[in-house]
Every structure is written in structure tokens, then in C-alpha cells.
Amino acid sequence: MSLWQWLVLALVQGLTEFLPISSSAHLILVSEWFGWPDQGLAFDTAVHLGTLGAIVLYFRRDLATAVKAAVGSTPQAYGAQRLVWYLALASLPTLLAGYFGAAWFEENLRRDEVIAWATLVFAPLLFAADRYGRQRDSLAGAGWHAVWPVGIAQMLALIPGVSRSGITLTAALACGLTRLEAARFSFLLAVPVLAAAGGHGLWRIATGAVPAIGLPPALAAAGVAGLAAFATVHFFLKLIERVGLVPFVVYRLLLGLALLAVG
């Protein structure tokens, strides 16, 4: 692949990683439109690390407070400590499922028709959660009753086309969280998942399991993906309470149909 192709796909990945519209579906659709080959694990690793940097930078204060609180014991630190436990609990099912089953999902389900149907099927679930969820609870108020369903739901994102952001938003809204709280928790949950994906990719590259690439194109792809992801998170959090999630539901339906058409 040329550097131009890498940068286009990195931009697509950064713009769609944190929106409930499936980044994997977009990467496949763009590649098929232009007749590009599969981008490979090296590209995936670079953009995962880039988007991880974006989310860590955006929520740096929340994450720094949580890390400091994790080793503290003052009453003021309790809320941040609880966030650490919430993130750990909700991430564990996906990390375990990814460790033991990611290769199977990648080999057997990374097909156009699977991605198309997953994009379509989960759209009405997102609509129902956004339309009929109570939308009155904070994460602290909902507590463990919201955390574990979101964690279980996140495992479904191993199916290409489901969208990690989309399924965690759906579960969080169904559990009564407000749109803003659901989005914030969904984004923070990306930190351990992206860190694991990026670390796994680096390990496979370092051990020679997959071919490495040059440092300049990897840094360029990571930078483009990170900048696009940072801007996307910022504007999504600004707009979600005003526009809701219906536009993304409609977009998912159109995208799923487009994938079926090109497949």
C-alpha cells in the first residue's frame, strides 16, 4: 500500500473509531471502493495506538485522577477509585474473549455479509435504547448494575460491524445512563481495549509473526488517526445531547445496505 492509501484509511479509522457506526465496516467499504488490499496488522496497530493516544489525551484529567486514586485511600478519592474498578470489570470480558477468540472471529467473521448484517441488526437496538432508555442516571448513580451489562455487551464488538462504541452506548443507555454519561463511559472503556490491541500488534510485529513497516508511515498513520479521533470525540460529546443518536441509526442502516450492495 502507498502512503496515500495508509493516510486515507487512517483518517477513516480515526473518524469512525469512537462513533457508533463501525470503523471496520468503513475500512472495508473504502478499500473495496478503491480496490485496495487489506491494510494488515501493522496498520491496525499504528492506528490503534494513535486513537489510544487521542482518548488518553482527551480524558487525561479523569485518567490521571483515577490512577492517583487507585493507590490512595482518602474519602475524596473514592469516586475515582470506583471508576477504576468499573473500567476493569467492564473490560475484563472483552479482554478475555479477545485473547482466546479474536483469531477465530477474525478468520471466520471478517466477511462483507457479516459486517453488513451486524451493521443493520444493531441499528434498531441503538435506536430503542436511545428512544426508550430512562436517561437520568450518572455512572456513579447506576453503579454495578450498569457496568456489568456494558462489559458483557462490549464482547459483541469482536463481531466485525457491531461497533464497540455502538454496542456499549446501546447497553449504557438501556441501563438508564444519560447520553453524555453513556458516551463518556464508552470512550473511557476504549483505553484498556485499544491498549491491549496495540500491545498485541506490537508483540506480533516484534516476534516476526507479521511483517513490520517503516517508522515514518506508521507514525504518520498513527498521527492522522489520533488527530481525527480527538476531534471526533470532542464534537460528539458536544452534540450528542442536542442531536441524539437517531442520525447514526439512519446512517448505519444506509451503510449496511451499501455493504450488501457492493458485496
Visitor: Shortest non-hydrogen contact from Ser31 to Leu9?
Guide: OG-CD2, 3.8 Å
Visitor: Got a sec, which residues hit side-chain hydrogen bond (donor to acceptor under 3.5 Å, both in side chains) with Arg164, two or more places apart in sequence or on another chain?
Guide: Gln154
Visitor: Heavy-atom count check: over 12 atoms from other residues, nucleotides or ligands less than 6.0 Å from Trp203 CH2?
Guide: no
Visitor: With a 4.5 Å cut-off on side-chain heavy atoms, are Leu83 and Leu188 touching?
Guide: yes
Visitor: Please check if atom CH2 in Trp148 has more than 12 non-hydrogen atoms from other residues, nucleotides or ligands closer than 6.0 Å.
Guide: no
Visitor: For Leu96, what are the other residues in its hydrophobic cluster, where any two members join if their side-chain heavy atoms are less than 4.5 angstrom apart?
Guide: Leu92, Tyr99, Phe100
Visitor: Quick one: do Leu27 and Leu158 end up in the same hydrophobic cluster if we chain Ile, Leu, Val, Met, Phe, Trp and Tyr together by side-chain heavy atoms under 4.5 Å apart?
Guide: no
Visitor: Just how far is it from atom CG of Leu49 to atom CG of Asp44, taken to the nearest 0.5 Å?
Guide: 11.0 Å
Visitor: Is the closest side-chain donor-acceptor distance between Ser163 and Ser165 under 3.5 Å?
Guide: no
Visitor: Locate the shortest heavy-atom distance separating Leu19 from Leu15; write the atom from each residue and the value.
Guide: CD1-O, 3.2 Å
Visitor: Between Val30 and Trp36, is there a side-chain heavy-atom distance shorter than 4.5 Å?
Guide: yes
Visitor: Do other residues, nucleotides or ligands put more than 12 heavy atoms under 6.0 Å from the CH2 atom of Trp4?
Guide: no
Visitor: Is a side-chain N or O of Ser186 found less than 3.5 angstrom from the main chain of Ala182, in a donor-acceptor match?
Guide: no
Visitor: For Arg184 and Glu181, indicate whether the former's side chain and the latter's backbone hold a donor-acceptor pair under 3.5 Å.
Guide: no
Visitor: Where is the tightest heavy-atom contact between Ala142 and Ala146, given as atom of each residue plus distance?
Guide: CB-CB, 3.6 Å
Visitor: Taking the side chain as every heavy atom from C-beta outward, state whether Ile115 and Ile28 have any pair of such atoms under 4.5 Å apart.
Guide: yes
Visitor: Using modelled atom types and a 3.5 Å cut-off, is there a donor and acceptor pairing between side-chain atoms of Ser91 and backbone atoms of Ala88?
Guide: no
Visitor: For Ser23, check side-chain hydrogen bond (donor to acceptor under 3.5 Å, both in side chains) against everything at least two apart and list the hits.
Guide: none
Visitor: Just verifying a value: how many Å separate Leu173 CG and Arg134 CZ, rounded to the nearest 0.5 Å?
Guide: 11.0 Å
Visitor: How are the rings of Tyr251 and His26 set relative to one another: parallel (under 30°), tilted (30 to 60°) or perpendicular (over 60°)?
Guide: parallel
Visitor: Should we say atom CZ of Arg131 is surrounded by more than 12 heavy atoms from elsewhere, each under 6.0 Å from it?
Guide: no
Visitor: Does the Asp130 side chain pair with the main chain of Leu126, one donor and one acceptor, at a distance under 3.5 Å?
Guide: no
Visitor: Please find the pair of heavy atoms, one from Gly256 and one from Thr119, that lie closest to each other, and give the distance.
Guide: N-CG2, 3.9 Å
Visitor: Do you know the tightest heavy-atom contact between Ala66 and Val84?
Guide: O-CG2, 3.4 Å
Visitor: Any donor-acceptor pair under 3.5 Å linking the side chain of Ser24 with the backbone of Gly161?
Guide: yes
Visitor: When you compare the side chain of Asp137 with that of Thr178, does any pair of heavy atoms fall below 4.5 Å?
Guide: no
Visitor: Is a side-chain donor or acceptor of Arg252 paired with a backbone partner of Phe122 at a separation under 3.5 angstrom?
Guide: no
Visitor: For a 4.5 angstrom cut-off between non-hydrogen side-chain atoms, does Glu32 reach Asp112?
Guide: yes
Visitor: Quick check: do Leu194 and Glu17 have side-chain heavy atoms less than 4.5 Å from each other?
Guide: yes
Visitor: Measuring only between side-chain heavy atoms, which start at C-beta, is Phe185 closer than 4.5 Å to Thr168?
Guide: no
Visitor: Do the non-hydrogen side-chain atoms of Leu260 and Trp117 ever get within less than 4.5 Å of each other?
Guide: yes
Visitor: Ring centroids only, cut at 6.0 angstrom: are Phe18 and Tyr58 within range, meaning strictly under it?
Guide: no
Visitor: Shortest non-hydrogen contact from Val147 to Leu139?
Guide: CG2-CD1, 4.1 Å
Visitor: What's the spacing between Leu177 CG and Arg179 CZ if we round to 0.5 Å?
Guide: 13.0 Å
